[in-house]
Amino acid sequence: MKILFWLLLALMPLSAQAEKFVFTTAWTAQAQFAGYYVAKEKGFYSEMGLDVVIQHPSLTNSAFQRLQTDQCDAAMFSMMSAMDFISQGIPLVNIFQDSMNSSNILVSRWNKNPIEMKGKKVAVFYSDPNYLIYIMSRKDGLNYEWVPFTSNINVFLSGAVDATMVVSYNEFILLQQAGFDMPEESLYRFSDHDYNIQENGVYVKRDYFLKHRNEVSRFAIASRRGWEWVAAHPDEALDIVMKYVEGNNIPTNRVVQKLMLKEVLRLQVDRESKRREFRVRADMVEKASQLMNKYGMLRREVTYSELVGSK
Amino acid sequence: MGKRFQNIARRYQWLLMLLGALMAAGSVAALVLTRSQVQQMALDTSVKSLKGVVREAFLMIDQVEKSVEKTVTAVEQQLDDPDAMYGYSRQLLEHHPYLSGCSISFEPDYFKSKGRYFSAHAYRDGDSIVTEQEGNDQYQYFYTDKYLIPRQLDKKHWVEPFAQYNSDGSRLMAIMTSCCLPLHNPQGKVVGVLSVDMPMKRLSDTILVRHPFPQSYCMMLGRGGAFIVHPDSSRLIVKSVLTDALVEDDPALTELGRAMLNGETGRQALRFDGVLSHVFYMPFAKTGWSLALVCPDFVLMKRFYLYAWGLVFLTIISLIIMLTPLWNYLQRRRSRALTGSAALLLMLLCLSLGSCSQEKAGSGNTSGQQPNVTNGQNDALEIVRDRLALLGQDFDPNYFKVVDSLQDASAISAAEADYWRANQYQELQKTRTSILYYKKALANDQLKTESPEFYYLANQGLYTASINSSNVQEAMAAATRGYQVASEDTTAMGQKWASVFMSAIASSQLKLGNIEDAEKNFAQAREGIERLAMAHPDVADYQRTCLTIASNILNMYLNRREFEKALPWEDMLEQALERLAATDAPMDDYSTFCATAISNKAVLYAMTGHPEEAEAEYQNYLATDYANTYSGIYDQAYYLEITEQWDKLLDIQLRIDSSEVAEGITPSLDYLIESPVTTFKALEKTGRKDEALKKADQIIQLLDTVKAYQHNNDAEELAAIFETQQKEEQIARQQAELSQQKFKWFAVLLVLLVVFFFVYTQMQRRAERRLSSMKAAQDRIEGELKIARDIQMSMVPHDFPRRDGLDMYASMTPAREVGGDLYGYVLQGDNLYFAIGDVSGKGVPASLFMAQATSLFRTLASQGIAPADICTLMNDTLSGDNNESGMFVTFFLGLLNLKTGHLSFCNAGHNPPVMGGDADHGNFLQMESNAPIGLWPDLKYVGEEIENVKGHPLFIYTDGLNEAENRQQEQFGDDRLLSILRNTRFDSSHQVIETLAAEVEKHRAGAEPNDDLTMMCIDIK
């Protein structure tokens, strides 16, 4: 039987002393992580009895490396990367899903449809493999020449490649800021081509998950509130983001971060329910698993239950 | 001169107008021409300056490139010796002090002996140069811009400037760039890249120092539009020329940015950084960057503005010349239309100003309508209520005593106290008692009137208690009553409660099977509360109410296994949860609702064919704190039951059993149905038939226990109610006795009051009568005194003899109604008797004595007796036995022969008169002094004589003159009297009297007269 509330709330006991929880974001400080910054700054984590430390990765020490070497309790990376790691025998569990849609875009340099640029040089992120473009390239027989790069848009702007992978909340905005002309026909948005697969989420090692289910639950609930607060107060949230950005000497500006935040919030809205759900979708996991398996990117199938730790 | 000019102007007015027009046109043309000429000159200067900057910067870049190219050639000839690369990179730094680092990097595994990575890197460490191999798994240099781009382009490349920080990233060291060249093997294949690192400072200093005008400046943009050289260092690297254009529609800025980034040369006028400026730009060819010179227009046109002032002045003069004839013409015409237009214009201006000021006044009033009122008493009461709620939560044994005390002290009303009691009994699961008190709290309109919030809470409590005791009709009645009041309450609180009660009504309807109405009312409740919650997104309470309503409806549908109907309420719950997240609600609230949302999702996923997601959500739910609370465990059991996970359900049921025991749940029929029966079901489904049968036996036994417990509980509760009622009756009796006693005291007090009032009234009346008779007596006396005053005044003469050579005048002003002064005269032929006197004392006795003295004087004077004899006779009459009151009169009596001027007089103790006409223009008369008349009997008064007083005016007076006092009790004084008489020229005796009367009045300055004032002046020629 479900008990009715009737305006009476149960009081929950919280730990008297805050437990330390170290979390590494997917990238350097930026609006992409606004919800976590807000949860920290507004005291949502501490109210949930957690002393959350937010770390950012570096070129020489990625989020995955930090998680693997126990420098942090939780780290953020894309769902497909997590599935890849799991299939390689590194058991991970998603504890909070940040994105509900794919942000990947392939931008062509020559105002051409990227799908017609067979065999051309395409810049791809070195640090976070763009599984989708590998799948797409192979599926459509495009035979792109891959040019892995670290970050930014300089490789593309210099003319060293014919196309580049960008994410809609970051490099795409930087290209706009660089005045780069991007007619819609020169863009290949993966979310519009049956490749709409969720991206970043927060992961912990499975053994940590099993031992600290309550802590990760508290982290997830407070992070969720952080994001919902951001959606309701974007300007104040941006102030908090800029504090982190400036504290970490990130060469960016408020306008770019504002646009990033707007796009990140858009990507959090599930296309079906039209709401921010912060959950891994079983159908997307299944789809990703099938695609990655088919094109040899997974050593074995990774299931939804495995990914979310329910089995 | 002016007139001549006017004449000329009038004569040649149309010629003058033409001249003015020509001059104006000339001035405007000169203005336009000068502007374009000055602008062109400034533009030329700017372009020239920009070219100069580009040339100078180019030389610097060229120097670097040449040195790198030279080293590349040397390196390419020694590709078989990797260790030699360290020497080359070191050498480059040694020869070029402005370079900070050099890397000669090779393709992966190029040198088999060196492994995957080989990059000979040299850098400065203080004054020395250090070399190292910098590639490794963490730093895979071939993915960096400075390797990748020249490698891919197979040509020289300048890397986009980047920020270099110290080792811990806390301090910006420099903005850097790198010049990179690919290395080729003899077959022309790219095998590596040589790059040198150069701080931008040298280049930046060269560029920034060059600008043609004081406030102009140069800037450089990278390929991505980022500022890489700019006087404002905070923009470097972080901001692009197009950044602002991303959020603001600025076509000019966008055009400039795109032109610069496309490597074009040109100039553009636009508002740059908020200042109207000209921006001159050209590509910085070798790097792919763009250099620009920004010149604010006010700087570019500074020279023009100087000319312009002069030309504008000339133009104004020209216009005046041109318009003067027209002005004259209009002046002559005195055009009514023009005047009318001006008046209309003025009126419109006044109206607009008036409306502006009205708006201002209006806004002032609006802001003033919200005074900051604080109510300390209410605040204190709120604190008391909060404290009471906390006591209740803690089940404090003193709770009810505190409520009683608060009621006794009248801090809270009886109705509110009943509400608090009911609420606590509900907490203690004494449902019937709580219902009893809720009903008492709601028995009259007291609560509704004094505190609508408690009225709503009481109805809500009654509703819940009634539902819990399965009395749906009673519950519905409470909800309906609450709704009726809340629906007419237009406040936000009223709106909230209207929705709460509406959802409660709908819940009751659902329980009664009235499904259609229930659904309609649920929808109405949702609409109301969501409207309120969305109108006040920052009020956590409304979002919480939204969540509570959604949760309850959702749970009702889930309990009824109507999962499709539950879906919209899950949606409502999620939306409300989002809104709650954005408020300042504590995390406790948020996480509880979040957990319930997760639990609901698990159920809904399970029931809509998503078992995996259901299980994942359930696991998430289990990890929450709420899942392990008393309420949370029920949700676990519910999920396990609907997903038929019997083993886990059995486990949880056992936990529920123990939780219920821990919570002290009393065995009820509901408990029997929900808990042990579910346990039985779980045992049965898990194949534990024996245990299931045992449980069934337990249930049957429990049924008896429940019955007995229920019976006992009922009896206990009824006993408690009875006891409470008895206690209340006892209290009522005590109160009645108290009231009776109070009444008695009140009656006694009332009687005392009546007696007092009667006595007081009688005394008051008597006093009034006495006062009235006294007033009448006083009026009578005043009337009589007035008559006496009239009589007294009629006793002294007001007409004075009119004879040639005689100027006589006298006046008397009593200090009260009647006075004691007197004067008089008797004229017999050429002999004039005159007298002035001052009776001792004041008022009626003095006036009577005065009348007697006056009468005696007149009688004796008319017999031709000498003044001294008259005084002797008057003294004989007025002293001795005839004067029992011992009164007396000072008296001056004179006999003046008007012909001869001979004066004989007798002074009976009176003030000495002043006689004028001497060298000093007046002195007090020196004379013998007799005793005042009436003081002692048998006195012989002595008289004196002055041969001739013609030309010597005689001024006689009483002491009401020289002893007249002001408010400070300062006397008028003899000196002042003498001074006035001496220094004032008088035309008549009358004037002397009037002048002195005025002076006395002036001296008194509003003070009441302290004595009668009588003056007489006689002047004979």
Side-chain angles (χ1 to χ4, degrees), chain A residues 1-7 9-14 44 47-48 59-61 121 126 147-150 152-155 157-161 174 176-179 213-214 216-218 220-222 224-225 228-229 231-233 249 251-253 255-256 258-259 275-276 282 304-305 308-310, chain B residues 138-139 143-145 148-149 152-153 157 160 163 165 169 172 223-225 237-240 242-244 246-247 257-258 261 288 460 464 537 548 551-552 555 558-559 574 578 581-582 586-592 594 610 612-613 615-616 619-620 623-626 629-631 634-635 638 674:
Chain A
M1 185 185 72
K2 284 260 184 182
I3 289 185
L4 305 189
F5 273 74
W6 293 127
L7 303 180
L9 283 174
L11 290 173
M12 293 197 309
L14 285 179
F44 300 156
E47 275 190 73
M48 291 298 279
L59 278 177
T60 55
N61 196 2
K121 286 182 185 175
Y126 158 69
V147 180
F149 72 104
T150 314
N152 222 305
I153 52 173
N154 296 334
V155 173
L157 287 179
S158 70
V161 291
L174 294 179
Q176 287 177 322
Q177 187 186 228
R213 294 217 59 170
N214 181 246
V216 299
S217 162
R218 282 187 263 151
I221 288 174
R224 176 179 173 162
R225 187 175 182 187
E228 280 165 354
W229 195 94
H233 310 280
N249 295 317
T252 184
N253 59 67
V255 172
V256 166
K258 183 179 180 173
L259 295 173
R275 278 211 314 275
R276 266 176 281 284
Y304 166 80
S305 303
V308 299
S310 57
Chain B
Q138 274 73 49
Y139 181 63
Y143 299 134
T144 62
D145 288 357
L148 186 63
I149 299 174
Q152 290 294 329
L153 292 172
H157 177 75
E160 281 294 281
Y165 290 88
L172 177 70
R223 280 189 199 84
I237 310 296
V238 301
K239 206 173 169 189
S240 152
L242 287 172
T243 299
D244 293 337
L246 286 175
V247 283
R258 297 217 170 191
L261 295 171
Q460 170 69 20
T464 312
T548 308
S551 282
N552 286 334
N555 288 349
L558 292 182
N559 285 336
E574 293 272 351
E578 276 180 28
M587 274 304 291
D588 279 359
D589 285 9
Y590 179 78
S591 59
T592 301
C594 200
H610 299 92
E612 279 194 320
E613 278 151 306
E615 191 55 25
Q619 293 299 331
N620 284 339
T624 63
D625 291 310
Y626 175 74
T629 61
Y630 170 66
S631 321
Y634 279 95
D635 286 357
Y638 179 83
E674 290 303 330

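Every chain is numbered from 1 and lettered A, B, ... according to where its sequence line falls, protein lines coming before strand lines. All values below come from the heavy atoms of this structure, side chains included, with hydrogens, waters and symmetry mates left out.
In terms of heavy-atom pairs under 4.5 Å with chain A, the best-connected choice from B:Gly225, B:Ser240, B:Ala163 is B:Ser240. Note: A:Asn154 leads A:Asn154, A:Leu157, A:Val308, A:Asn152 in heavy-atom pairs under 4.5 Å with chain B. Top candidate by heavy-atom pairs under 4.5 Å with chain B, chosen from A:Tyr126, A:Phe149, A:Trp229, is A:Tyr126. Chain A forms the most heavy-atom pairs under 4.5 Å with one residue out of B:Ile149, B:Leu242, B:Thr144, B:Asp145, and that residue is B:Ile149. With chain B as the partner, the residue from A:Ala232, A:Pro251, A:Gly159 showing the most heavy-atom pairs under 4.5 Å is A:Pro251. Of the listed residues A:Leu174, A:Asn61, A:Val147, the one with more heavy-atom pairs under 4.5 angstrom with chain B than any other is A:Val147. With respect to chain B, the highest number of heavy-atom pairs below 4.5 Å among A:Leu259, A:Ile221, A:Ile153 belongs to A:Ile221.
With a 4.5 Å cut-off on non-hydrogen atoms, B:His157 touches chain A through its side chain but not through its backbone. The contact between B:Arg258 and chain A is made entirely by side chain atoms (from C-beta outward), counting heavy-atom distances below 4.5 Å. The contact between A:Thr252 and chain B is made entirely by backbone atoms, counting heavy-atom distances below 4.5 Å. For B:Pro537, no part lies near chain A; criterion is any non-hydrogen pair under 4.5 Å. Interface remark: A:Ala222 contributes backbone and side-chain atoms alike to the contact with chain B (heavy atom separation under 4.5 Å).
Summarising the geometry, atom CZ belonging to A:Arg276 is positioned 12.0 Å from atom CD belonging to B:Glu574; distances are rounded to the nearest 0.5 Å. The OG atom of A:Ser217 lies 6.5 Å from the CG atom of B:Asp625; values are rounded to the nearest 0.5 Å. Atom OG1 of residue B:Thr243 and atom NZ of residue A:Lys258 lie 13.5 Å apart, to the nearest 0.5 angstrom. The line from NZ of A:Lys121 to CD of B:Gln152 is 4.0 Å long, rounded to the nearest 0.5 Å. Distance check, rounded to the nearest 0.5 Å: CD of B:Glu578 to CZ of A:Arg275 gives 6.5 Å.
Considering all non-hydrogen atoms of both residues, A:Tyr304 and B:Glu612 come closest at CE2-O, 3.5 Å. Listed here is the closest heavy atom pair of A:His233 and B:Ala582: NE2-O, 2.7 Å.
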(request) List the steps, then state whether side-chain contact (heavy atoms from CB on, under 4.5 Å) holds for A:Ser305 with B:Glu615. (result) CA-CA 8 Å; A:Ser305 303; B:Glu615 191 55 25; over 6 Å; no
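A donor-acceptor pair shorter than 3.5 Å cannot be found between the side chains of B:Tyr590 and A:Glu47.
Side-chain atoms of A:Arg213 come within 3.5 Å of backbone N or O of B:Gln619 as a donor-acceptor pair.
Under a cut-off of 6.0 angstrom, the local environment of NZ in B:Lys239 is crowded, with over 12 non-hydrogen atoms contributed by other residues, nucleotides or ligands.
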